[in-house]
Protein chains: 2
Amino acid sequence: MLFMRSADLTARARIRDAAIDLFGREGVNRVSVRAIAAQAGVSPALVLHHFDSKEGLRKACDAHLVEVLRGDGGAADLGDTAKLAATLDAPELRRYLARAFLDGSPEASTLFDEMVEVSEGWLGRGTAEGWVHHTEDPHTRAALYVSWLLAPLLLHEHVSRVLGVTDPAETNAALRISRTAVEILTKGVFADETVLSAMDNVRKGRP
Amino acid sequence: MLFMRSADLTARARIRDAAIDLFGREGVNRVSVRAIAAQAGVSPALVLHHFDSKEGLRKACDAHLVEVLRGDGGAADLGDTAKLAATLDAPELRRYLARAFLDGSPEASTLFDEMVEVSEGWLGRGTAEGWVHHTEDPHTRAALYVSWLLAPLLLHEHVSRVLGVTDPAETNAALRISRTAVEILTKGVFADETVLSAMDNVRKGRP
DNA sequence: CAGCATACTAACCGAACGTTCAGCTTCGCT
DNA sequence: AGCGAAGCTGAACGTTCGGTTAGTATGCTG
């Protein structure tokens with residue numbers, strides 16, 4: 001178990017990687033143990049020998065993803081958007097992460113909570129230092145910030161289709177999206193406060 | 001077929017509503033025809049009598065959702081965020097919509113494309129009239145705008161957990177989120193342009 | 001070399017799935 | 001009243017699923 005990292009071509013690792021790929025592509029329930037075994041080049045029985053059950057395999061995939069995402073820096077890295085994006089350069093990890101958030105595994109919930117916590121801390125520090133605007137509701141803003149960070153990942157299929165992405169590398173599209181996101185987060189979209197004050201009026205009307 | 005709307009308690013409609021509810025809750029593949037039939041109070045065979053196959057039922061659900069979403073105003077309503085939010089007041093419709101975007105049905109793809117198109121037109125008009133900021137890349141901004149609009153829906157489970165939502169009505173939380181979103185879209189998050197210019201430098205370094 | 005745990009497979013199991021089908025009601029029409 | 005279509009059901013079909021079992025190969029340890 002100790003030197004497992006150097007032997008990342010073991011059947012166990014191949015099964016796990018195949019599962020991450022297929023689970024991310026199709027969703028956990030559309031993928032059979034047989035299909036995972038076939039992609040990993042082993043028998044279906046070996047999958048259950050190593051992971052006890054399909055659910056056990058899914059948990060192992062979650063754990064692996066979380067381990068990779070945390071990187072070397074512990075939970076702190078979860079707030080480092082650039083580092084996060086770099087780690088998620090692998091399409092199969094991206095797909096799996098998106099699926100995990102939607103299928104509602106406990107590991108994904110914990111991960112989301114941590115990301116919100118780290119982001120809230122980071123934005124709070126920014127507010128104190130003056131490079132982030134003040135807000136009435138920092139908690140909601142952090143939750144929304146993380147949601148928006150994940151949105152292009154979750155809707156990757158549709159976003160890339162709309163943007164006409166065809167190249168396999170996709171780095172250009174990712175850059176366009178990031179740049180536009182930062183632009184909105186810096187300058188906003190609306191040039192005046194009519195929409196905002198309209199919303200505040202609705203809010204006061206319903207205490 | 002013509003007066004079907006007035007007879008929305010037919011077994012056919014009950015099956016469709018049960019399918020939307022269960023598909024949205026669990027995902028299409030986790031739900032059996034038998035479960036849908038049970039919730040609708042009919043036999044499993046009747047489901048296939050009306051919809052030919054499970055896939056046919058799913059398509060009928062998609063079509064129904066799109067019909068409801070378009071409302072009376074045709075595609076134009078897809079850009080009216082407030083109206084959209086009102087239509088999606090029903091939790092089961094919200095859940096189903098989120099699932100549809102992620103399971104990648106053709107209907108959902110068309111819907112997404114239309115939402116982006118309508119939003120891009122709306123934001124373009126706003127730019128011309130001066131109440132929306134100019135952007136280098138209106139197309140990407142529109143895609144991102146729609147993605148961000150959908151993000152709290154897709155991540156509803158996690159967002160509501162983080163915000164500590166317990167009340168079944170949820171109107172307060174929805175209001176908090178909307179208000180915060182509009183706040184960000186009006187004032188931005190970042191108070192200066194350091195992040196933005198840093199990103200532009202990266203971009204120029206990689207032409 | 002013997003002993004034994006680990007890695008792995010082929011064959012199989014019961015359960016649940018989507019789907020089919022023959023037949024039973026129930027209605028609208030003439 | 002009579003008849004055909006539509007709504008609807010119970011019982012089965014073949015398939016595929018996750019999981020089990022019995023057994024073989026492999027490689028380490030004494």
Side-chain angles (χ1 to χ4, degrees), chain A residues 1-64 96 99-100 103-105, chain B residues 1-64 96 99-100 103-105:
Chain A
M1 195 73 93
L2 262 142
F3 302 101
M4 187 135 276
R5 179 154 284 278
S6 63
D8 221 342
L9 298 162
T10 57
R12 192 188 153 92
R14 288 206 320 275
I15 292 169
R16 188 237 298 134
D17 288 348
I20 288 178
D21 184 39
L22 291 175
F23 283 166
R25 260 183 228 277
E26 314 278 346
V28 175
N29 303 276
R30 266 194 279 244
V31 175
S32 66
V33 173
R34 285 165 172 79
I36 296 166
Q39 174 149 332
V42 300
S43 74
L46 187 63
V47 174
L48 299 154
H49 168 72
H50 278 302
F51 298 97
D52 290 339
S53 67
K54 190 184 181 182
E55 177 61 19
L57 173 57
R58 211 224 67 232
K59 284 187 180 173
C61 291
D62 277 12
H64 181 71
Y96 184 86
R99 288 278 177 193
D103 293 354
S105 71
Chain B
M1 195 75 91
L2 260 142
F3 302 101
M4 186 134 278
R5 180 153 282 279
S6 63
D8 223 341
L9 298 162
T10 57
R12 192 188 154 92
R14 287 207 320 275
I15 292 169
R16 187 238 297 135
D17 289 349
I20 287 178
D21 184 38
L22 291 175
F23 283 167
R25 259 182 228 277
E26 314 277 347
V28 175
N29 303 276
R30 267 194 278 242
V31 175
S32 67
V33 173
R34 285 167 171 80
I36 296 166
Q39 175 149 330
V42 299
S43 71
L46 188 63
V47 175
L48 300 148
H49 169 73
H50 279 302
F51 299 97
D52 291 339
S53 68
K54 190 183 181 182
E55 176 63 18
L57 174 57
R58 214 224 65 232
K59 284 187 180 175
C61 292
D62 276 11
H64 181 71
Y96 184 85
R99 290 276 179 193
D103 293 355
S105 71

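Values reported hereafter were calculated over all heavy atoms of this structure, with side chains retained and with hydrogens, waters and symmetry mates removed. Below, chain A is the first sequence line, B the second, and so on; all start at residue 1. As the structure is a computational prediction, the values presented were derived from the model and not from experiment.
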| Contact check, side chains of B/Arg99 and B/Phe23, non-hydrogen atoms, under 4.5 Å |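 No, their side chains stay 4.5 Å or more apart.
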| B/Val31 side chain near B/Arg25 side chain, heavy-atom distance below 4.5 Å |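 No, side chains not in contact.
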| request: Measure across B/Ala18 and B/Gln39 and return the closest heavy-atom pair with its distance rounded to 0.1 Å. | output: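 In this case the closest contact between B/Ala18 and B/Gln39 is CB-CG, 3.7 Å.
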| request: Mind listing the closest non-hydrogen atom pair of A/Leu57 and A/Ala19 along with its distance? | output: CD2-CB, 3.8 Å
With rounding to the nearest 0.5 angstrom, report the [atom1] to [atom2] distance, [X] to [Y].
X	Y	atom1	atom2	result
B/Asp62	B/Ile20	CG	CD1	8.5 Å
A/Ile36	A/Asp17	CD1	CG	11.5 Å
A/Lys54	A/Arg58	NZ	CZ	10.5 Å

| request: Please check if any side-chain donor atom of B/Tyr96 sits under 3.5 Å from a side-chain acceptor atom of B/Asp21, or the reverse. | output: no
| field | Sequence neighbours excluded, every pair satisfying salt bridge (Lys or Arg N to Asp or Glu O under 4.0 Å) that has a member inside residues 27-38 of chain A | value |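 Every pair satisfying salt bridge (Lys or Arg N to Asp or Glu O under 4.0 Å) with a residue in residues 27-38 of chain A: A/Arg30-B/Asp103.
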How close or far is atom [atom2] of [N] from atom [atom1] of [X], stated in whole angstroms?
X	N	atom1	atom2	value
A/Ile36	D/dC17	CD1	C1'	12 Å
A/Arg34	C/dC17	CZ	P	16 Å
B/Leu57	C/dT19	CG	P	10 Å

| request: For DNA chain D, determine which residues of residues 21-30 of chain B have any heavy atom closer than 4.0 angstrom to one of its atoms, and list them numerically. | output: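 Those residues whose heavy atoms fall under 4.0 Å from DNA chain D, taken from residues 21-30 of chain B, amount to none.
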| task | Tell me which residues in residues 39-53 of chain B put a heavy atom below 4.0 Å from DNA chain C, sorted by number, or none. | result |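 Contacts with DNA chain C under 4.0 Å: B/Ala45, B/Leu48, B/Ser53.
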Scan nucleotides 24-26 of chain C against the protein and return all N/O pairs shorter than 3.5 Å with their distances rounded to 0.1 Å.
none

With the criterion being N/O to N/O and under 3.5 Å, what pairs connect the protein with nucleotides 27-29 of chain C, and how long is each?
none

Atom pairs and distances, side-chain donor-acceptor, residues 44-52 of chain A, under 3.5 Å, sequence neighbours left out:
none

| request: Would you state whether a donor and an acceptor, one from the side chain of B/Arg12 and one from the base of D/dG7, lie under 3.5 Å apart? | output: no
